[in-house]
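Just so you know, ligand 1 is whichever comes first in the structure, and atom 1 is the first atom listed for that ligand.
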Amino acid sequence: MSTNSNGIAQQTKFAPSVGLPGGTEPTLVGSKEVLVGRALARLRSIPGDLEKYTFLASLKSRNENIFYSLVGSHMKECTPLIYTPVIGLACQNWSLIHPPPSTYQTPASALYLSINDLPNIGQILADLKTRVPKDEMEISVVTDGSRVLGLGDLGVGGMGISMGKLSLYVAAGGVNPKATLPIVLDFGTDNEKLLADPLYVGLRQRRLPDAECEAFVDVFMAEMHKTFPNMIIQFEDFHTTLAFPLLFNNREKYPCFNDDIQGTGAVVLAGAIRAFALSEIPLKDQRILFFGAGSSGVGVAETICKYFEKQGMTEEEAKAKFWLVDSRGLVAHNRGDTLPEHKRYLARSESDAPKLKTLSEVVEHVKPTALLGLSTVGGTFTKEILQYMGKINKKPIVFALSNPVKQAECTFEQAVEGTGGRVMYASGSPFDPVQFEGQKYEPGQGNNMYIFPGLGLGAILAKVKSIPEDLVHASAQALADSLTVEEKERNLLYPDVERIREVSMTIAVGVIRAAQKLNVDRNEELRGMNDAQLLAFVQNQMYHPLLDL
Ligand code: NAD
């Protein structure tokens, strides 16, 4: 490296990878920092979110080192562009932005499998194996796009989510980008707009019945395991009626988990562990109301319920702390409709459970210490409900977790104002800090990205055979324990997102130890390490983009 007359480092090794046509190398390309700075300046000059997304997708395919350096060093700014909320926009517009550059430049960098591929899955994966850039593939995010974020059925547009999550595995969890594989299973779509759209890039036919999708996934999982035996599979954004059976059918046979159910459960549990402690109300006196009883709501509620059991309650005592509300009102066995399987475990079982329809009615009946929204319906935590939560609690817990921002049950500002600044708040999408009566309040973001990169990293490094619930709990506990003294003094529920790689390391260690305890680890070398050695090992294994330039 040399320095020019302005003292700017010159680095001629790099191709002009950002914003210039390939092949023409200007005299001054710049140091690594200049390359990242140039990409950041270009990104900030682009006005539209979707255009910012396509710029970043293009940068990722042309120079993943600069892309991951940029994302890693500007986490707060870039995460909303490569993940929620902008990823939702990308998925909705997938047919227009397809193929993103990374799909055509490296043929093995994304995989679409349609129902017509069923007889050939084994062959397709075997062919793919010859083209993957790394011998050992480590992690795949698999979706059928049937329920993307809170946006419904987006068909093969779900590929955006698989790619976005894997970008975060790399940026936040230090997984090697060449060991990641995004997959979409194209079971058709029930989205009328896509069915009628001649530009739609997926199968233009209605979705298969769930039973046929399950049978397809049985074959897919067996073939994946045969071809890539150590691959961790993250199920993502499957419709609720499919998400639960897929998890239960596969979780003991293969190393897999469902992020909507378990990742959300863990990240909310971690925030709740902090909030319960700050609320100064003992666990046995908590009353927790879930607004929304889909895969996320039920997954979170069951995760917290199991945590209560681990803290010494009996199963029945723990279950009694929970109330669920869905679009028909309070979820109870005596409601008079047939409850789907996933809602039964925590349905109220008292024979005289009142038949309450609206959230306000249920809030008044339950008098919750904690109100959690996973309903996909924005603005449903009204001023009256928030004021009531503030009236009955010294430190009310309000988590408005639906994404994207406009579907959050209430904004941070509304929660702070409604409760007179006493709320302990977390949301799924980011909100800015709020000034209220001369004081600054900071929101928590209960985003799955705190959990899945560390959980995945730990699972990869331990080479787990399966991912039992204890590993998910370990990831939540490690996240809750990862706040610094300074973050605790600021009353934060989650650590600063800029520290995410450090947090992911801590989570990975917690997950590896839990795997060892349950004997589901295959990398037995790690057993002999003490905690400091294990942490150093995890850190050493993490991908660092700048060093690879
Ligand atoms: P889902 O569609 O499976 O479930 C939605 C639930 O809300 C259903 O039980 C439905 O009956 C209920 N509901 C819908 N409208 C209602 C209404 N008007 N009144 C009462 N209940 C109503 O969705 P899901 O997968 O469970 O996800 C829910 C939300 O959680 C999404 O917005 C998603 O973005 C969000 N989420 C957030 C995170 C996170 O940030 N950590 C993670 C996962 C999911």
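When the options D259, T358, L374, L324 are ranked by their closest heavy atom to atom 30 (O) of ligand 1, first place goes to L374. Among G297, S296, G294, the residue whose heavy atom sits closest to atom 24 (P) of ligand 1 is S296.
Residues Y345 and E315 bring a donor and an acceptor atom of their side chains to less than 3.5 Å of each other.
Distances below 4.0 Å separate heavy atoms of T240 from the following atoms of ligand 1: 3 (O). For ligand 1 and G292, the ligand atoms under 4.0 Å from any heavy atom of the residue are 6 (C), 7 (O), 9 (O), 12 (C). Heavy-atom proximity to N448, at under 4.0 Å, picks out these atoms of ligand 1: 38 (C), 39 (C), 41 (N), 42 (C). In summary, the atoms of ligand 1 found under 4.0 Å from a heavy atom of G446, numbered by their order in the structure, are 39 (C), 40 (O), 41 (N).
Taking 4.5 Å as the limit, every side-chain heavy atom of L330 sits out of range of all side-chain heavy atoms of K355.
Taking a 6.0 Å sphere around CD of E252, one finds it holds 12 or fewer heavy atoms contributed by other residues, nucleotides or ligands.
Scanning the protein for heavy atoms near atom 15 (N) of ligand 1, the closest one is V377 CG2, 3.3 Å. Closest to atom 14 (C) of ligand 1, if we only count protein heavy atoms, is S375 O, 3.3 Å. Nearest protein heavy-atom neighbour of atom 11 (O) of ligand 1: S327 N, 3.1 Å. Considering only non-hydrogen protein atoms, atom 43 (C) of ligand 1 sits nearest to T264 OG1, 3.1 Å. For atom 29 (C) of ligand 1, the closest non-hydrogen atom of the protein is S402 OG, 3.5 Å. Given atom 9 (O) of ligand 1, the protein heavy atom at minimum distance is A293 N, 2.8 Å. For atom 37 (C) of ligand 1, the closest heavy atom belonging to the protein is L401 O, 3.1 Å. When hydrogens are left out, the protein atom nearest atom 2 (O) of ligand 1 is R147 CD, 4.2 Å; that is the closest non-hydrogen contact.
Two rings, from F276 and Y307, have their centers 6.0 Å or more apart. Note: F399 and Y425 fail the aromatic proximity criterion, with ring centroids not under 6.0 Å apart. Under the 6.0 Å cut-off for aromatic ring centres, F412 and Y441 do not qualify, their centroids lying 6.0 Å or more apart.
Just one residue in the list K193, R206, R207 forms a salt bridge (charged side-chain N to carboxylate O under 4.0 Å, His left out) with D153, and that residue is R207. A side chain to side chain donor-acceptor pair (under 3.5 Å) with N448 is found for exactly one of T84, D260, D259, namely D259.
Here's the thing with N403: one of its N/O atoms is less than 3.5 angstrom from an N/O atom of ligand 1.
Taking the ring centre of Y83 as origin, the terminal cationic atom of K165 falls outside the region bounded by 6.0 Å and 45° from the ring axis.
Considering all non-hydrogen atoms of both residues, A347 and H333 come closest at CB-NE2, 3.6 Å.
In D326, the parts holding a heavy atom less than 4.0 Å from any atom of ligand 1 are both the side chain and the backbone.
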